[in-house]
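Just so it is clear, the model here is predicted, and its values are computed rather than measured.
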Protein chains: 2
Amino acid sequence: MTAQVRTKKRDPKGNRSTLIRATLESISEVGITDTTVSRIIEKAGLSRGMVHLHFGGKTQLLAAAAQAFSDEYYFGIDRHVQKVGHAPERIIMAVVTADLSEELLNERATRILHAFRGAASTHTGIAEVSGTRDDRLRDMIRAAFSKIAADYPDEDPDVLARDATFGLLALLEGMWSDYLLNPNAFSREVAKSIVCRFIGGLFPDHF
Amino acid sequence: MTAQVRTKKRDPKGNRSTLIRATLESISEVGITDTTVSRIIEKAGLSRGMVHLHFGGKTQLLAAAAQAFSDEYYFGIDRHVQKVGHAPERIIMAVVTADLSEELLNERATRILHAFRGAASTHTGIAEVSGTRDDRLRDMIRAAFSKIAADYPDEDPDVLARDATFGLLALLEGMWSDYLLNPNAFSREVAKSIVCRFIGGLFPDHF
DNA sequence: TAACTTAATGGACGATCGTCCATTAAGTAT
DNA sequence: ATACTTAATGGACGATCGTCCATTAAGTTA
């Protein structure tokens, strides 16, 4: 078995992901509506029939691209979170920092996210995949807030954790929208300080 | 000059707005991508050439629909705000309540908003019109927060008002996204209480 | 009523769109 | 080397797409 990276004539898995990459690139450039099969295969440098061969159709390719984009985001978050250990406050801050970092929050990502959002309500295959910042992330945040909320005996910990989770995700969502519509005026520092004001208001002893 | 509402054979203004209404209805049902001229005129019950006659083309019709939708939202907010007088705290709460009311926040509206959002970054005519919850609203909120912030001498009033404005709009944005993706699980009461926690954290003497 | 302006119609048009398949090529097993 | 399986190609296909215009109708002015 040779390494064969250079001159592989056949590469089904590679071509599959090339198509997905080309699709995401096209969406970030011209939006979903103008992302046609012709444009995708031109970007990918592959032949027309490949979409049907590997995905069965354009619809499934879009769904696979949505899934890949979602994973890309989540793994980006996860990498940051892994580094900070298990203290819940640090996990929360890692999520916030990562979500607002240039690595994850940039023009390409905001355009793709909102393009899929716009299509999610009417295209099942996409909706399943682009839930509110992914259920995985939501669960991670809620678990962290639940631990923190236990230190506030004056409040119902479930309600507090729920509000913190919901609020934080909504706030971050809004930051992405703002970035999308106004990438030049956007300030990561201001965004972060506002998020900190929010969670600091809920958990004054921790943030 | 007769009233002629019943049997008007020609009605350019009426047909124009019928086309816009049909466009928004189509977008809320099948998204922007599948909103075709054929579908629009079928919904409107008008003839094919009318799109070109009244708007010059589909692109301009979409832009006009985006504008109409934006106005629809803003005037809805404004009506609520007019009722509560000039006290800044009451203006803010009126905006929040209106934004989360069923009149403004519903499946149709969230679908249309996000459909336009997804197209905004790549279609100039739409982007101009669907800024972050409209500059008019942003200015109104900021003015109210500026007055309130003057009562907090420990903070820079400009920074405080800016953070409150930015944060509130982002939070409401996020609520809309959550509603879009999960209309059944969404609770207006929870959403409102979270918003109140946020502004209450910034302005403890007022909210 | 006649002449004129504006609105509305709906089909024809070329230009895409996405799908699919007959054909060729590459890789594997016998 | 041969037979076989899987990958890749690219053009043909019917089905739409949005635009536009020749034609008809409605309303207005003279």
Please tell me if [X] has a side-chain N or O lying less than 4.0 Å from either OP1 or OP2 of [N].
{"X": "A:Asn15", "N": "D:dA8", "answer": "yes"}
{"X": "A:His52", "N": "C:dT19", "answer": "no"}
{"X": "A:Ser38", "N": "C:dC17", "answer": "yes"}
{"X": "A:Thr36", "N": "C:dC17", "answer": "yes"}

Paired with C:dC13 by Watson-Crick or G-U wobble geometry, both distances under 3.5 Å: which nucleotide is it?
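Checking every strand shown, C:dC13 finds its partner in D:dG18, with both distances under 3.5 Å.
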Taking [X] for the side chain and [Y] for the main chain, is one N or O donor matched with an acceptor at less than 3.5 Å?
{"X": "B:Ser70", "Y": "B:Ala66", "result": "no"}
{"X": "B:Arg117", "Y": "A:Ser177", "result": "no"}
{"X": "B:Asn182", "Y": "B:Asp178", "result": "no"}
{"X": "A:Thr97", "Y": "A:Ala94", "result": "no"}

For the pair made of [atom1] in [X] and [atom2] in [N], what is the distance, rounded to whole Å?
{"X": "A:Arg10", "N": "D:dA7", "atom1": "CZ", "atom2": "P", "value": "6 Å"}
{"X": "A:Ile40", "N": "C:dT19", "atom1": "CD1", "atom2": "P", "value": "10 Å"}
{"X": "A:Lys13", "N": "D:dA8", "atom1": "NZ", "atom2": "C1'", "value": "18 Å"}
{"X": "B:Met50", "N": "D:dC20", "atom1": "CE", "atom2": "P", "value": "17 Å"}
{"X": "B:Arg48", "N": "D:dT19", "atom1": "CZ", "atom2": "P", "value": "9 Å"}
{"X": "B:Asp11", "N": "C:dA7", "atom1": "CG", "atom2": "P", "value": "11 Å"}
{"X": "A:Asp34", "N": "C:dC17", "atom1": "CG", "atom2": "P", "value": "9 Å"}
{"X": "B:Ile41", "N": "C:dA8", "atom1": "CD1", "atom2": "P", "value": "14 Å"}

Would you mind checking if A:Arg142 and A:Asp135 are paired as a salt bridge, meaning a charged N to carboxylate O distance below 4.0 Å?
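A:Arg142 and A:Asp135: not salt-bridged.
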If we ignore angles and hydrogens, is there a donor and acceptor under 3.5 Å between the side chains of A:Asp99 and A:Tyr73?
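Side-chain D/A pair, A:Asp99 to A:Tyr73: present.
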Positions of residues 53-64 of chain B (non-hydrogen atom under 4.0 Å from DNA chain C), listed by number
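Heavy-atom cutoff 4.0 Å gives B:Leu53, B:His54.
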Whether over 12 other heavy atoms sit under 6.0 Å from A:Lys192 NZ:
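Open.
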